[in-house]
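In what follows, a structure is listed as structure tokens, so that the remarks can point back to it.
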Protein chains: 2
Amino acid sequence: MKITMKDIAKEAGVSVTTVSHVINGTKRISEETYTKIMSLVEKYSYVPNTMAQNLRQQNSNMAALVVSSFPDSYITSIVKAVGERARDRGYHLLFINTNENQKDEQEAVTLLTSRMIDGLILSPTTRDANYLQPLIERKFPIVLVNRYDPKLIELPWVTADDFQAGYDGTYHLIGHGHRNIGIIYNFPEVTTTTDRLEGYKEALKQSGIPFREEYLVQGYGSIEGAALATEKLLTAHKEITAIFVLSDRMTIGTISALKNMSKKWPNDIALIGYGDFEASTIIDPPITNVSLPPDTVGKTAFDALLNRIQNPNYNKHIQLPTSLVIRKSCGCN
Amino acid sequence: MKITMKDIAKEAGVSVTTVSHVINGTKRISEETYTKIMSLVEKYSYVPNTMAQNLRQQNSNMAALVVSSFPDSYITSIVKAVGERARDRGYHLLFINTNENQKDEQEAVTLLTSRMIDGLILSPTTRDANYLQPLIERKFPIVLVNRYDPKLIELPWVTADDFQAGYDGTYHLIGHGHRNIGIIYNFPEVTTTTDRLEGYKEALKQSGIPFREEYLVQGYGSIEGAALATEKLLTAHKEITAIFVLSDRMTIGTISALKNMSKKWPNDIALIGYGDFEASTIIDPPITNVSLPPDTVGKTAFDALLNRIQNPNYNKHIQLPTSLVIRKSCGCN
DNA sequence: TTGTACGCGTTATCAC
DNA sequence: GTGATAACGCGTACAA
């Protein structure tokens with residue numbers, strides 16, 4: 001049985017208006033009716049219908065986060081950070097995972113943006129995000145996180161400085177004397193891949209090392225994919241002495257492949273990962289990572305969304321600086 | 001600018017009723033008006049207001065998952081599995097994380113259950129879940145997952161057979177000759193702890209080993225907490241030769257502590273974890289786990305919720321059997 | 001201090 | 001085939 005204000009009002013012998021005022025504290029009400037109503041609210045544990053409230057008030061105090069590359073531990077941390085920030089700011093956060101599936105993503109976004117939420121943080125899937133155009137025109141508040149789409153310049157975004165990340169990791173490996181450096185990436189069309197690859201190329205170029213397309217292998221963001229990719233890479237190119245792996249889960253896959261092939265890191269193959277999965281430190285030798293605290297990403301992203309909600313013209317493109325967390329897998333000690 | 005059916009209707013020179021029928025295909029409409037309306041829908045990329053629809057139809061085809069121990073990798077996998085199952089069943093799934101914070105959890109549940117969703121899957125926090133009583137009385141569909149609350153017998157739940165899990169892990173260690181077995185648990189009041197401890201005690205008892213309260217240490221579900229707990233445990237009780245760690249993240253902490261103390265596993269300390277974090281296999285030596293595929297948990301939980309939605313009297317208490325994934329940290333090889 | 005009346009955007013019923 | 005009209009549950013200007 002669904003209790004509504006009408007029911008409360010009837011039983012209390014007052015109008016719905018009065019009930020509404022009591023519940024929202026929006027006007028002075030006599031002590032007597034106040035307690036009468038509150039006791040009924042208690043008795044039936046009445047809770048206002050959120051849908052009706054939102055419909056009436058034209059906002060919901062809810063934001064949403066739609067992410068496609070879940071559950072990567074790095075993304076998971078971002079999800080957590082965004083959630084906490086949202087709570088601190090008085091928002092409820094809904095989270096939807098779309099498994100790199102363009103269709104699911106579109107459905108989720110459509111559902112959420114049909115007046116259900118006040119704003120959206122989106123980590124888009126690999127393919128084109130043109131379906132966002134109508135939302136952009138409608139000025140629906142959206143912020144891209146982690147990945148961005150250069151075609152959607154009208155949207156603010158918060159990402160890592162992936163160019164720098166690619167450059168730093170590569171540069172560090174070159175510093176250890178490596179000249180044949182393999183890359184395991186997840187998907188070719190996302191900026192977390194393309195930008196880091198640009199950085200990789202730049203670092204090579206500055207050191208006079210020729211770029212070789214064959215050193216780039218797709219790991220599909222999964223453990224198995226990366227393991228396969230690593231094996232393929234090392235079998236085909238025995239001259240490779242270092243690998244830069246662009247995500248946490250893939251790093252696990254690469255390590256697993258190295259173990260299978262009885263290769264030691266960093267001596268046989270030097271290793272740098274991207275991200276910061278919790279097991280990094282207890283793997284032996286521990287893994288050096290290019291990293292950006294997911295906390296920072298999440299908080300910044302939510303704040304950007306708030307800005308966009310309050311000001312439809314807010315359109316900053318934020319690239320947060322990454323840093324190298326040096327452990328041992330790169331050859332340092 | 002928010003476009004509504006009224007706007008479309010006005011510009012098309014028809015009534016809202018007609019627009020509604022066109023959009024929902026709920027009646028025959030003349031070719032002419034049909035195309036006229038559809039082109040306007042296209043032009044303004046009109047999308048119906050979900051809130052209004054839900055308000056009117058009294059259901060939403062949305063379910064929610066509220067979880068408190070995020071981001072544990074095991075929970076993360078459950079989250080993913082529930083999401084996939086929901087999608088397969090034609091539901092949208094909202095996810096909210098509450099960080100073991102009772103107040104946040106209650107707020108989230110209240111928000112969601114105030115007519116926004118059709119059903120809820122909940123992994124409750126440690127403290128009492130009495131605030132659920134009103135929802136239970138109202139027959140709001142709720143299923144508990146991972147953890148349950150023995151006082152809430154009226155709710156269905158889907159968990160691991162935690163007693164068996166505790167028994168199996170302990171029994172296996174005893175089989176390797178260990179008699180002084182430490183336990184790192186996350187929180188004392190949850191069934192994932194209490195039930196496993198019961199299993200632990202039973203295994204000890206059957207082997208004639210006295211139970212010692214001092215061997216139980218709280219790790220707070222975190223890496224740091226478990227590291228501290230492990231150090232404390234091993235310093236205070238040098239006779240301990242094996243540790244059973246009850247969650248993925250804490251296993252990482254325990255390993256980190258062992259490394260700090262220069263203890264080797266399984267030789268100095270045998271190790272069994274609970275869960276199945278992805279790095280288990282690449283840690284050296286790899287970690288033996290008591291485990292239950294999170295996929296199974298997630299899918300079962302969502303199906304249970306569907307049952308509960310369709311039949312308010314559905315009230316199965318499902319305990320899924322766990323299994324021992326033997327690697328090397330326990331002493332096997 | 002309390003109540004009346006209307007509207008938020010939709011869908012369902014029933015007429016024409 | 002199309003259109004009034006009411007209703008979903010709530011908030012609020014306005015009146016009493």
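Letters A, B, ... are given to chains in the order of the sequence lines, protein chains preceding strands, and every chain is numbered from 1.
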- Query: Given the rule in the side-chain contact (heavy atoms from CB on, under 4.5 Å) test, do A:Asp7 and A:Tyr46 qualify, once you have shown the distances and angles that lead to the verdict?
  - Reply: CA-CA 10 Å; A:Asp7 302 322; A:Tyr46 164 78; over 6 Å; no
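- Using a distance-only test at 3.5 Å, with no hydrogens or angles considered, no donor-acceptor pair links the side chain of B:Thr193 to the main chain of B:Glu189.
- Between the side chain of B:His317 and the main chain of B:Ile153, a donor-acceptor pair closer than 3.5 Å is present.
- Taking every heavy atom of residues 38-62 of chain A and every atom of DNA chain C, pairs under 4.0 Å involve A:Leu55, A:Arg56, A:Gln58, by number.
- Residues forming a side chain to side chain contact (heavy atoms under 4.5 Å, CB included) with A:Leu112 (at least two apart in sequence, or on another chain): A:Ala64, A:Val66, A:Leu94, A:Ile96, A:Met116, A:Ile117, A:Leu120.
- Running 5' to 3' along DNA chain D, contacts with non-hydrogen atoms of chain B at under 4.0 Å begin and end at D:dG1 to D:dG9.
- Proximity of residues 20-32 of chain B to DNA chain C (heavy atom under 4.0 angstrom from any strand atom) is restricted to B:Ser20, B:Asn24, B:Lys27.
- With sequence neighbours left out, the salt bridge (Lys or Arg N to Asp or Glu O under 4.0 Å) criterion links B:Lys43 to B:Glu11.
- The residue A:Thr4 sits close only to the backbone: its heavy atoms come under 4.0 Å of sugar-phosphate atoms, none of a base.
- For the 3.5 Å distance criterion, the side chains of B:Asp195 and B:Tyr148 qualify, holding a donor opposite an acceptor.
- Residue B:Val16 is classed as having no contact, given no heavy-atom separation below 4.0 Å to the nucleic acid.
- By the 6.0 Å contact criterion, OH on A:Tyr314 is enclosed, its count of non-hydrogen atoms from other residues, nucleotides or ligands being greater than 12.
- Looking at A:Thr17, its side chain comes within 3.5 Å of the base of C:dT4 through a donor and an acceptor atom.
- The backbone N or O of B:Thr125 sits nowhere less than 3.5 Å from a side-chain atom of B:Asn101 that would complete a donor-acceptor pair.
- Looking at B:Ser68 and B:Arg147, their side chains do bring a donor and an acceptor atom within 3.5 Å of each other.
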- Message: Run A:Glu107 and A:Lys103 through salt bridge (Lys or Arg N to Asp or Glu O under 4.0 Å) and show every step you take.
- Response: CA-CA 6 Å; A:Glu107 273 185 26; A:Lys103 186 169 142 287; 3.7 Å; yes
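- Within 6.0 Å of CD in A:Gln310 there are more than 12 heavy atoms belonging to other residues, nucleotides or ligands.
- Within a 6.0 Å sphere centred on CD of B:Glu42, other residues, nucleotides and ligands contribute 12 heavy atoms or fewer.
- Each end of the helix from C:dT1-D:dA16 to C:dC16-D:dG1 gets its own rotation axis from five pairs of C1' atoms, and the angle between them is 40° to the nearest 10 degrees.
- B:Ser15 and B:Thr18 form a side-chain donor-acceptor contact under 3.5 Å, judged by distance and modelled atom types alone.
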